[in-house]
Amino acid sequence: MTKSNMATAHTGDIPTQNPCAQCGTPIPKPDWIEPGEGRVSYLWRCQACGYRFEAVAIYHEMPIAHPPLAA
């Protein structure tokens with residue numbers, strides 16, 4: 001997902017205030033979001049210590065790529 005797509009993404013779906021894996025400082029939002037099949041990867045960068053890490057959300061059920069239209 002590009003940064004321009006991130007701006008149009010549903011903000012309720014984007015995790016916020018994730019703690020840094022190194023120092024624990026809350027990070028307001030991910031630097032990068034990359035959706036995949038059954039998963040979403042998030043790249044985080046801590047402003048306090050500079051540590052960068054990736055977190056992956058895995059979904060057991062595949063979301064419907066094209067939801068059915070009303071009949």
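In what follows, every heavy atom counts, from backbone to side chain, and hydrogens, waters and symmetry copies are set aside. If you read the sequence from its start, that first residue is 1, and numbering goes on from there. Since the structure is predicted, the reported quantities are computational estimates derived from the model, not experimental observations.
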| query | Which is it for Lys29 and Gln17 under the side chain to side chain contact (heavy atoms under 4.5 Å, CB included) test, yes or no, and what are the steps along the way? | reply | CA-CA 6 Å; Lys29 63 181 181 179; Gln17 301 304 318; over 6 Å; no
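- Gln22 is not listed as a side-chain neighbour of Cys46, based on a closest heavy-atom distance of 4.5 Å or more.
- Two residues are said to be in side-chain contact when any heavy atoms from C-beta on lie closer than 4.5 Å; Val40 and Val56 fail this criterion.
- Here the side chains of Pro26 and Pro19 are not in contact, with every heavy-atom distance at 4.5 Å or above.
- When the shell of 6.0 Å around CZ of Arg45 is examined, it contains 12 or fewer heavy atoms from other residues, nucleotides or ligands.
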| request: List the steps, then state whether side chain to side chain contact (heavy atoms under 4.5 Å, CB included) holds for Arg52 with Leu43. | output: CA-CA 7 Å; Arg52 297 178 81 165; Leu43 180 63; 3.4 Å; yes
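- Tyr51 places none of its side-chain heavy atoms less than 4.5 Å from the side chain of Ile27.
- Between Trp44 and Tyr42, the ring-plane angle classifies as tilted under the 30° and 60° cut-offs.
- Nearest approach of Pro30 to Ile14, heavy atoms of both residues: CD-CG2, 3.7 Å.
- Across all non-hydrogen atoms, the minimal contact from Thr25 to Ala48 is OG1-CB, 3.7 Å.
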